[in-house]
Amino acid sequence: MDLHLDPEDLAFRDAVRRFLDENLLPATRRATALTTGFINDPEVAVVFHRALHRKGWSVPHWPEKYGGTGWTQVQRYLFEAECARAGAPIYNGAGSNMIGPVLMRFGTDEQKKKYLPRIVSGEDCWAQGYSEPGSGSDLASLRTRAVRDGEHYVINGQKIWTTHAHKSNRLFALVRTSTEGKKQEGITFLMMDTGLPGITVRPIIGNGGDHEFNEVFFDDVRAPVAGRVSEENMGWEVAKYLLEFERGGNPVAGRVRAQFARLATLIGKKCPGDADIVARLGELGTDLDAMEMIELTAVSALQTGGNPGPVSSLLKLRWSQLRQQLAELAMDAVGVEALRWIAARPLYDTLQLPADEEQMLSVMPRYLNYRAYTILGGTSEIQTGILARSLLGL
Amino acid sequence: MDLHLDPEDLAFRDAVRRFLDENLLPATRRATALTTGFINDPEVAVVFHRALHRKGWSVPHWPEKYGGTGWTQVQRYLFEAECARAGAPIYNGAGSNMIGPVLMRFGTDEQKKKYLPRIVSGEDCWAQGYSEPGSGSDLASLRTRAVRDGEHYVINGQKIWTTHAHKSNRLFALVRTSTEGKKQEGITFLMMDTGLPGITVRPIIGNGGDHEFNEVFFDDVRAPVAGRVSEENMGWEVAKYLLEFERGGNPVAGRVRAQFARLATLIGKKCPGDADIVARLGELGTDLDAMEMIELTAVSALQTGGNPGPVSSLLKLRWSQLRQQLAELAMDAVGVEALRWIAARPLYDTLQLPADEEQMLSVMPRYLNYRAYTILGGTSEIQTGILARSLLGL
Amino acid sequence: MDLQYTTEQKLLRESAGKFLAASYDYTSFQKISGGEPGWSAAIWSEFARFGWLGLPFAEEQGGIGGGPVEVAILMEAFGKSLVLEPYLSSVILGGGLVEALGSQQQRESLLPPLIEGKLLLAFAYQDTSSPVKAQRNGSNYVVSGTKNTVLGAPGAHQILVSAALGDGATAVFVLPRSTPGLTIRPYPMVHGARAADIDFGAVVVPEAALLGGNQNAADAIDRVIDSAIAALCADAVGAMTAMVARTVEYTKTRVQFGQPVAKFQALQHRMVEMKVREEEARASCLFATLSLAGPAAQRARAVSGAKAKIGRCARAVHQAAIQLHGAIGTTDELSLGAYAKRLLAYEMLFGTTRDHLRRYAAIISDPGIAAAGLLYDQARS
Amino acid sequence: MDLQYTTEQKLLRESAGKFLAASYDYTSFQKISGGEPGWSAAIWSEFARFGWLGLPFAEEQGGIGGGPVEVAILMEAFGKSLVLEPYLSSVILGGGLVEALGSQQQRESLLPPLIEGKLLLAFAYQDTSSPVKAQRNGSNYVVSGTKNTVLGAPGAHQILVSAALGDGATAVFVLPRSTPGLTIRPYPMVHGARAADIDFGAVVVPEAALLGGNQNAADAIDRVIDSAIAALCADAVGAMTAMVARTVEYTKTRVQFGQPVAKFQALQHRMVEMKVREEEARASCLFATLSLAGPAAQRARAVSGAKAKIGRCARAVHQAAIQLHGAIGTTDELSLGAYAKRLLAYEMLFGTTRDHLRRYAAIISDPGIAAAGLLYDQARS
């Protein structure tokens with residue numbers, strides 16, 4: 001057992017660094033650093049995505065035949081870490097981490113041919129329509145109805161928490177096509193364009209002032225049956241597969257590490273001699289080291305063809321807490337100045353200040369938005385319940 | 001509204017202080033300070049109890065006709081606080097706070113006449129037989145059987161966590177006299193002598209090394225029916241009344257305040273410049289101030305004939321946590337030296353060192369023993385459940 | 001010792017609660033906080049009509065003669081309803097300083113219009129790396145330096161400012177906002193209230209602007225700021241109370257997996273923790289409120305202790321409330337986020353939770369003080 | 001990077017676990033910890049027979065040539081079974097120093113008997129207010145001062161001691177316990193292991209007692225102590241693992257209100273927290289273990305980070321385990337309390353959790369290091 005990077009890995013890492021030096025624009029880095037929401041604005045991220053695409057690196061974790069790189073798990077890990085360290089944005093995870101893998105598994109040849117290349121190139125931007133006002137943690141209780149009418153489904157109902165629905169041209173959704181049997185048994189997985197008549201998007205503004213989420217209303221929307229993934233009423237199986245990807249998915253240690261490093265820099269500038277703040281930074285650093293080790297262990301297991309076991313819920317639970325705590329410590333390090341509020345978004349358009357001052361103004365919105373980390377994508381309570389079963393046999 | 005002590009209160013407080021100066025012996029103060037368990041050894045505490053008895057102050061909270069003082073609630077509060085501050089021990093709470101009030105409410109004239117004066121004087125030392133190995137939080141599921149046989153009950157079964165059973169001459173216990181109906185309906189409350197044939201006491205040693213708790217085995221024990229309080233099968237009502245006293249009862253802020261002041265002294269000697277330890281002391285100080293205020297508010301409500309509301313579970317929950325945290329901080333303040341272990345008990349007999357060094361050696365046993373604060377007398381989980389109902393209507 | 005509210009006090013709570021529940025709901029809050037001044041003149045004149053603007057002032061000043069307890073009752077109601085009007089900055093800080101330090105003439109010229117709702121004050125006390133100094137120059141003073149985090153300054157007619165005199169003493173001046181050379185740079189805060197940075201660019205002010213003549217104002221400033229902190233504590237308790245109540249209510253109605261989520265034991269336990277923190281915060285606030293009249297050491301201990309304790313409780317409560325509301329709690333669709341922001345402002349203003357914890361810890365580390373309970377001998381105050 | 005255990009490593013874990021489960025139950029532990037020496041010679045000779053006493057030493061020294069991972073596997077098993085035998089003090093610290101610093105002759109005279117179980121060492125490194133110094137005197141040294149918390153000293157045949165030489169360098173001497181003037185004051189620790197304070201009352205020792213000649217031993221001491229801390233971390237992980245498993249088991253069998261208490265959601269959530277902390281502690285320990293071979297900065301970061309992180313996890317786990325066991329968990333009837341005490345000893349020895357957090361925080365505050373992940377370039381080590 002060892003933690004060494006072998007010469008090939010080091011050469012790979014250096015190649016990634018060179019690529020980032022040359023292709024990640026300062027304006028993109030700044031916009032990413034001043035992003036206060038969860039995910040990067042597609043219009044910012046797509047610029048970098050295109051550069052990756054030119055290099056053939058836009059979907060490294062995909063099979064090579066669909067545009068992936070064939071990298072080892074360790075290389076993927078290093079790539080993610082280097083991108084995060086350099087301050088690179090992520091473009092439309094709903095495309096490359098959700099619908100893409102779903103189509104590879106469940107899609108028809110036609111669907112794959114139509115959609116996958118446009119994810120690879122960044123032409124399509126996807127949104128996810130899962131939750132409904134009455135169906136959050138209890139997703140399977142969803143009620144948005146789809147009734148077959150010839151070659152269309154006619155959809156009526158409502159989705160909520162649809163991230164970037166207002167910036168996406170495509171949408172996938174779970175809809176109810178049957179009310180018979182168990183609630184999981186009448187669900188269908190549908191893809192459609194967001195521009196279809198009858199679709200209305202209403203913004204939901206987060207506590208941090210950002211517009212990332214939406215309600216999406218469906219009023220007699222006619223979506224082609226060709227957009228159905230898997231069979232009618234078989235959507236729950238698709239949804240579960242997708243959730244696994246959402247929870248496990250890409251290694252995130254690099255992202256959290258980058259957040260941590262930015263915080264260390266902030267503290268070094270703002271309050272380097274504050275023993276209490278520095279001690280909290282230290283505690284979070286030890287948490288981060290431990291979690292990164294857990295993630296690396298899973299990577300190593302995958303690398304050698306093993307099974308990482310039920311760690312995805314543990315990772316989701318703790319990474320989300322840790323990101324919140326880092327945002328919280330940043331707020332505490334800034335102190336009373338963190339109360340100054342800029343309402344306009346995005347900050348990278350609004351602000352024209354020295355970089356340090358700009359960072360300070362992003363601290364409070366980020367703290368507020370990040371409270372959702374332990375809620376979205378499966379609340380901490382849900383993850384804890386899963387862990388009670390999977391880790392403790394309770 | 002105000003927090004002032006009026007001249008009468010101040011005069012009263014000074015009288016108490018004078019009494020303590022004159023009657024609380026240095027050896028008793030030392031033994032109390034070196035007590036690492038929950039309660040004071042009766043042989044230590046009874047010395048002070050006798051002095052109180054001579055003064056007429058041994059059961060201040062009792063009605064005057066049974067030996068109480070007729071003090072106001074504020075005076076009672078001040079008395080407790082001054083005793084704690086001076087390092088006075090408490091003698092046999094099971095007598096004065098449990099069986100005494102129970103007998104006043106449920107006892108026959110004969111029972112009152114026989115037992116109450118011996119509690120006032122300190123002649124009797126009582127133990128409580130409630131819990132059983134299978135009946136802790138779920139007390140009503142108790143199974144120790146008592147079968148009527150003429151003027152006796154014949155008892156078979158087992159009690160556990162019987163504090164100081166090995167140092168008490170009397171015992172009260174809940175026993176099952178019927179298995180019909182709800183489990184609460186077949187319980188009887190019995191008093192008996194601990195010396196009865198068939199009673200065996202087995203010590204349970206705490207993690208902190210102290211012998212306070214016992215298992216008590218009943219093997220065809222014949223206890224006189226005259227020791228029954230209230231009717232046969234009506235013991236649950238008695239038990240509930242007693243539990244209220246155990247949980248509400250005397251104000252404890254003074255005791256926790258005294259523990260806090262000892263800790264402040266320890267920190268001042270051992271690590272006065274340790275910002276982290278001092279900050280934790282501060283946090284606990286603010287907790288203590290808040291809890292004392294809650295207790296004072298209840299005292300004020302009683303003083304003016306009002307009802308303090310459902311605070312007894314809140315006080316139990318938080319006081320027990322706070323006492324643990326104070327013991328924990330003391331351990332952390334002492335650091336590696338806290339690992340030195342003296343097995344023999346009581347420490348006040350074993351040790352012959354400078355007072356500071358003796359205190360340091362009491363820190364670890366106290367930390368360990370105090371873990372039981374949030375368990376005994378109703379676990380924190382049980383208290384939280386009660387509060388969910390009483391405070392939140394859940 | 002008496003900790004029972006009087007009938008008058010209970011009536012004040014009830015009437016404040018009723019008025020605000022009817023006139024200051026979340027929609028009004030959003031309108032007011034989103035608008036330019038950041039507070040409502042109409043609401044302010046209602047406050048004047050109820051006598052609230054005169055609540056803490058002596059009757060001979062035209063006030064009501066209320067004490068800290070009455071102020072706390074009002075502030076708790078303000079916290080509960082997210083009131084943005086500049087009561088703390090104008091009445092408690094501004095008016096409080098005028099009453100404490102002002103000459104009779106100053107009191108007579110400033111307090112009645114304040115109480116009538118026609119005059120707004122603000123107090124600039126928070127020094128920056130360029131602290132405010134005042135230098136005598138003939139019959140004038142030259143005031144220079146910068147203050148920040150001046151609550152309520154954007155709407156204030158007169159600015160009170162603390163300034164270091166040459167001799168180690170501190171003075172307070174009162175300046176019209178139109179004073180030449182005075183630059184007020186306003187900004188909104190996260191919770192909707194307004195503050196400003198103020199540059200005193202060598203402003204020349206007449207001797208008459210000195211509040212209460214040439215005495216050292218440091219003690220009075222400390223006392224007024226402590227009273228403002230205690231008032232802010234009550235505001236925070238109000239906000240926490242609302243958050244806890246709303247969370248319990250929400251979990252009783254939110255159904256998942258076929259039952260209200262309030263049925264889940266893990267959530268029940270978390271809500272009990274929230275409620276316990278609310279109760280502790282309320283008790284802590286009461287201790288601070290009642291200690292304002294006590295000896296200086298008791299006041300400092302109680303006020304800093306409360307600021308720190310309530311700050312810790314507030315942090316835990318706002319986080320738990322958001323978590324238990326799920327996704328909807330992270331948006332501005334409900335008032336929940338506005339309460340969270342208000343509690344964050346509470347934590348940071350007038351010294352952070354950590355600042356006050358340090359102040360408290362230094363006091364309480366003295367074993368003599370550590371051993372002292374909350375009750376005190378009035379004769380020593 | 002490779003984080004998979006080898007077959008040999010898995011076998012070592014299995015065989016250690018099996019032997020200890022059979023030979024070292026709670027009753028044996030109680031007997032051994034209550035007895036005079038505080039460890040069992042019979043068990044120790046079994047350890048020798050399995051080759052465990054030679055595990056970390058090079059094969060040319062008669063050892064097995066195991067690395068930090070093998071040591072961690074063994075230590076985790078020791079922690080799981082509450083093993084009191086002086087493996088850490090004698091093998092890791094004592095033997096580790098001899099291997100790192102000793103001359104060939106010293107290694108040959110000390111390591112084989114150590115590996116055979118016939119020689120016990122202890123390392124006195126913790127200075128007191130009277131730090132240990134060594135002064136050259138002809139061909140001898142005069143060693144004076146006092147060390148405390150010397151693990152395993154009561155049973156050791158030879159004492160290794162670090163001493164400041166006049167020139168700022170540090171040396172290690174090895175002294176027979178019978179050296180005239182040496183006073184060993186033994187005491188038991190809370191978790192049953194034994195330690196001692198040692199007075200070196202101007203002890204005269206020959207030059208031959210200097211471990212490895214006149215080089216500065218400071219780096220070697222640091223490295224050996226870091227390896228001991230990593231080993232102790234593994235021990236703590238073993239103890240935590242046992243506590244978590246026992247708690248889950250207990251709540252499945254303990255029935256109250258008609259059902260196993262493990263059915264209560266609040267308890268389930270608390271146990272998940274415990275388990276997560278155990279997993280984090282295990283990962284943290286592995287990071288420290290694998291970083292022992294890395295660059296010095298990486299080693300210090302990983303070891304202090306692990307000591308601090310595991311300390312925090314251990315505290316939470318032992319408190320939760322006791323609470324969830326109810327009253328029985330607060331007694332010596334179950335092994336639970338013994339685990340809690342072992343974890344408390346873990347927290348305090350070789351620098352407390354807070355000491356290591358400070359060391360770690362100082363390292364990680366450097367943004368360059370903060371940004372660095374766990375993987376490292378072997379060429380730099």
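Throughout, a chain's letter reflects where its sequence line sits, starting with A, and its residues are numbered from 1. Please read all numbers here as calculations on a predicted model, not as lab measurements. When reading the values below, keep in mind they use all heavy atoms of this one structure, side chains included, and skip hydrogens, waters and symmetry mates.
- Heavy-atom proximity under 4.5 angstrom to chain A picks out nothing from residues 317-326 of chain D.
- Per-residue counts of heavy-atom pairs under 4.5 Å with chain A were compared for D/Gln268, D/Gln9, D/Arg359; the largest is that of D/Gln268.
- Under the side-chain contact (heavy atoms from CB on, under 4.5 Å) rule, D/His356 has a single partner from D/Lys309, D/Glu347, D/Lys307, which is D/Lys307.
- Contact check on A/Glu337 versus A/Lys270 returns no salt bridge, with no Lys/Arg side-chain nitrogen under 4.0 Å from an Asp/Glu carboxylate oxygen.
- Residue A/Leu288 does not touch chain D at all, counting heavy-atom pairs closer than 4.5 Å.
- Distance CZ/A/Arg76 to CZ/A/Phe12: 11.0 Å, rounded to 0.5 Å.
- Top candidate by heavy-atom pairs under 4.5 Å with chain A, chosen from D/Gly305, D/Ser304, D/Pro367, D/Ser291, is D/Pro367.
- Comparing D/Leu286, D/Val69, D/Thr251 by heavy-atom pairs within less than 4.5 Å of chain A, the highest count is held by D/Leu286.
- D/Lys263 does not touch chain A: none of its heavy atoms, backbone or side chain, sits under 4.5 Å away.
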Validation: residues 276-283 of chain A side-chain donor-acceptor distances under 3.5 Å, sequence neighbours left out:
residue, atom, partner, partner atom, Å
A/Asp276, OD2, C/Arg354, NH1, 2.9
A/Arg280, NH1, A/Asp332, OD2, 3.1
A/Arg280, NH2, A/Asp332, OD2, 2.9

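- Both the backbone and the side chain of A/Glu292 have a heavy atom closer than 4.5 Å to some heavy atom of chain D.
- Closest of all the heavy-atom pairs between D/Arg301 and D/Leu374 is NH2-CD2, 3.7 Å.
- Panel note: side chain A/Gln383, backbone A/Leu317; no donor-acceptor pair is recorded below 3.5 Å.
- Neither the backbone nor the side chain of A/Asp6 comes within contact range of chain D, judged by heavy atoms closer than 4.5 Å.
- Applying a 4.5 Å heavy-atom cutoff, the residues of residues 273-284 of chain D that approach chain A are D/Lys275, D/Val276, D/Glu279, D/Glu280, D/Ala283, D/Ser284.
- Proximity to chain A is limited to the side chain of D/Tyr360, based on heavy atoms less than 4.5 angstrom apart.
- Identified by a heavy-atom distance below 4.5 Å to chain D, the contributing residues of residues 255-267 of chain A are A/Arg257, A/Phe260, A/Ala261, A/Ala264, A/Thr265, in residue-number order.
- Judged by the 6.0 Å and 45° rule, D/Lys80 forms no cation-pi pair with D/Tyr339.
- Looking at A/Asp289 and A/Thr286, their side chains never bring a donor and an acceptor atom within 3.5 Å of each other.
- Residues D/Thr353 and D/Arg315 bring no donor and acceptor atom of their side chains to less than 3.5 Å of each other.
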